[in-house]
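Notes follow once the structure below has been shown.
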Amino acid sequence: TKFTNVIVRRPAKSMVEGITSAPELGKPDYELACKQHDDYIAALKDCGVEVTVLPALEQFPDSCFVEDPAVITRCGAIITNPGAASRNGEKDEIEPAVRQFFDDSRVKHIESPGTLDGGDVMMVGDHFYVGRSARTNEEGIRQFFEILEGWGLEGSEVPLEHVLHLKTGVNYLEDGNMLVSGEFVTKPDFEQYHRIEIPEDEAYAANCIWVNGTVIVPEGYPTVLKAVQDAGYETITVDTSEYRKLDGGLSCLSLRF
Ligand code: CIR
């Protein structure tokens, strides 16, 4: 795998009204979130990708999490049908940006009653693991697999117990290496990989992203940082504290392809 392009969307001031399961962390600081977003873009550029920066959308507080309304594969793009009502319209906003890179025949859709969030999709080569979650339903997964099969790709479903999205707790770092936390440490689906186990107190940092040989790690998780470096990767850290307050991490903030 090599990524050439990344799409991100600037956070909106309305992000303070974004969905969160952790209100005790407080509301995000918009100015700080913007600075962290700048640092995120700079880190991606350091990994050798072209970054397309889309404008903020005030009507969608969670719209900086562009990973959810689309899934991009080497064969084509899938516009999803996000499972949270306040986020569903993000699909129409991401579509034109995705179409800049793919012709019509290579853009597919998940249709109601199917729902799917891209955060539930983890790519491992030509295999796509999909978490069945509060956001991604059986019909959404069925349509997703049908689209993949049409492209000669394949997928398998992973039932989720505790996490919001599949990639909240498991992320593939290429080369057979997988970061796993919580319920993913023991799931048989991932037994075949070299699993790097994340301690519970650093669980948030299971959401790292591999970009062309470098792994971007959230700032402030020293055990995970060391484990990733010990696995042989160059690393860049980026502070994502303001996105964490909305259950968002590094992967959620971009589409990489
Ligand atoms: C949400 O609940 O949808 C946002 N506050 C966070 C989305 C995180 N995205 C992701 O894990 N892919």
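As the structure lists them, so they are numbered: ligands from 1, and atoms in each ligand from 1.
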Using a 3.5 Å cut-off on N/O to N/O, what pairs does ligand 1 make with the protein? A line per pair would be great.
| residue | atom | partner | partner atom | Å |
| --- | --- | --- | --- | --- |
| ligand 1 | 2 (O) | R135 | NH2 | 2.9 |
| ligand 1 | 3 (O) | R87 | NH1 | 2.8 |
| ligand 1 | 3 (O) | R135 | NH1 | 2.9 |
| ligand 1 | 3 (O) | R135 | NH2 | 3.4 |
| ligand 1 | 5 (N) | I19 | O | 2.8 |
| ligand 1 | 5 (N) | D62 | OD1 | 2.8 |
| ligand 1 | 5 (N) | L246 | O | 2.7 |
| ligand 1 | 9 (N) | D68 | OD2 | 2.9 |
| ligand 1 | 11 (O) | H165 | ND1 | 2.8 |
| ligand 1 | 12 (N) | E67 | OE1 | 2.8 |
| ligand 1 | 12 (N) | D68 | OD1 | 3.0 |
| ligand 1 | 12 (N) | D68 | OD2 | 3.4 |

Whether [X] and [Y] hold their rings parallel, tilted or perpendicular, with breakpoints at 30° and 60°:
X	Y	value
F184	F190	tilted
H37	Y243	tilted
Y204	Y221	tilted

Is [Y] paired with [X] through a side-chain N to carboxylate O contact shorter than 4.0 Å?
X	Y	result
E93	R9	no
K91	D68	no
K108	E146	no

